[in-house]
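Each remark here refers to the structure printed beneath this line.
Letters A, B, ... mirror the listed sequences (proteins, then strands); counts begin at 1. Since the structure is predicted, the reported quantities are computational estimates derived from the model, not experimental observations.
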Amino acid sequence: KAGVTQTPRYLIKTRGQQVTLSCSPISGHRSVSWYQQTPGQGLQFLFEYFSETQRNKGNFPGRFSGRQFSNSRSEMNVSTLELGDSALYLCASRSPLLQGTNEQFFGPGTRLTVL
Amino acid sequence: GNSVTQMEGPVTLSEEAFLTINCTYTATGYPSLFWYVQYPGEGLQLLLKATKADDKGSNKGFEATYRKETTSFHLEKGSVQVSDSAVYFCALSDRNAGNMLTFGGGTRLMVKP
């Protein structure tokens, strides 16, 4: 079974631009969560989507948004990029069969650099 | 709110040494606990988990026991290898807070041959 895939793996943008990152969960997984990883703040939860609905949101400004499609693929968008948005963005998917344990499977991440 | 505290690194050990990485947590509910590992340039891999008090998670020689009385989930391995060099994250998931994972700051382990 293929794992969680994220595209692109690397991205360079300039301040003020916007960016869209994509995540394809493991087949059969309907829950997708996004996390931001930075050296200063560590790993922080952005949001979770389940069946095309946002179920939970972390403490990030409105410039960060996401969506999920009917095939469970998810995208996150960051508008008006700031230097501080440079980070590794990780996507994780969760199996409904493992709901009790909340075991999440992570993709390799997208490394975003804002210049 | 929920939080996870783990020992700061880097932790530098010689091959075959004993490893302990401390992790303590604060949670409003009854959380599940996890250890994830991150190798350079990669995402997070689940190393082990425990869902209730006194559960012991184990995988690849690593172990951790869910201690509710001390709110701890320390990671141990009896004999580390160079290939264990990575960053280790302790995390919790609390149903009262949805399905989000709350992570500790990570501990870098370096194993020298």
Side-chain angles (χ1 to χ4, degrees), chain A residues 2-7 9-10 21 23-26 29-51 53-60 66 68 87-96 98-111, chain B residues 1-10 23 25 27-53 55-59 64 66 73 86-108:
Chain A
V4 178
T5 58
Q6 293 187 245
T7 57
R9 291 292 310 275
Y10 303 91
L21 313 181
C23 170
S24 293
I26 293 171
H29 290 196
R30 292 163 59 192
S31 167
V32 173
S33 296
W34 290 88
Y35 294 82
Q36 181 196 63
Q37 184 178 22
T38 60
Q41 299 299 316
L43 280 153
Q44 294 185 288
F45 171 76
L46 280 156
F47 27 65
E48 182 202 5
Y49 285 87
F50 180 82
S51 293
T53 301
Q54 187 181 89
R55 293 216 300 193
N56 203 357
K57 190 178 192 305
N59 188 25
F60 279 82
Q68 187 179 33
L88 181 67
Y89 290 89
L90 293 164
C91 168
S93 75
R94 185 167 61 87
S95 166
L98 296 173
Q99 190 169 347
T101 67
N102 197 26
E103 183 173 333
Q104 299 189 29
F105 299 86
F106 284 81
T110 294
R111 171 76 61 187
Chain B
N2 297 333
S3 66
V4 176
T5 302
Q6 59 183 106
M7 60 190 290
E8 291 189 20
C23 171
Y25 68 90
T28 54
Y30 200 161
S32 295
L33 302 174
F34 306 87
W35 277 100
Y36 281 88
V37 58
Q38 186 175 37
Y39 297 100
E42 298 184 11
L44 301 175
Q45 296 178 26
L46 178 65
L47 183 59
L48 52 85
K49 66 186 180 190
T51 58
K52 61 183 186 296
D55 264 2
K56 177 185 282 188
S58 61
N59 186 26
Y66 190 142
F73 193 55
V87 181
Y88 292 81
F89 292 92
C90 185
L92 71 80
S93 174
D94 181 354
R95 289 185 186 180
N96 292 336
N99 295 311
M100 59 178 283
L101 288 166
T102 300
F103 288 91
T107 302
R108 181 175 300 279

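- Rounding to the nearest 0.5 Å places CG of A:L90 at 11.5 Å from CD of B:E42.
- In this structure, OG1 on B:T102 lies 10.5 Å from CD on A:Q44, to the nearest 0.5 angstrom.
- Atom CZ of A:R9 has more than 12 neighbouring heavy atoms from other residues, nucleotides or ligands inside a 6.0 Å radius.
- Of all heavy-atom pairs spanning A:Q104 and B:Y36, the tightest one is O-OH, 2.9 Å.
- Neither the backbone nor the side chain of A:R111 comes within less than 4.5 Å of any heavy atom of chain B.
- Both the backbone and the side chain of B:L44 come within less than 4.5 Å of a heavy atom in chain A.
- Residues satisfying the side chain to side chain contact (heavy atoms under 4.5 Å, CB included) test with A:T5, not counting sequence neighbours, are A:S24.
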Might you work through the side chain to side chain contact (heavy atoms under 4.5 Å, CB included) test for B:Q38 and A:L43, ending with a clear yes or no? CA-CA 12 Å; B:Q38 186 175 37; A:L43 280 153; 5.8 Å; no
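- There is no contact between A:Q6 and chain B, counting heavy-atom distances below 4.5 Å.
- With a 4.5 Å cut-off on non-hydrogen atoms, A:F47 does not touch chain B at all.
- If you take NZ on A:K57 and CE on B:M100, they are separated by 12.0 Å, rounding to the nearest 0.5 Å.
- In this structure, CG in B:L46 is found 7.0 Å from CZ in A:F105, a value given to the nearest 0.5 Å.
- Residues satisfying the side chain to side chain contact (heavy atoms under 4.5 Å, CB included) test with B:A86, not counting sequence neighbours, are B:V37, B:Y39, B:Y88.
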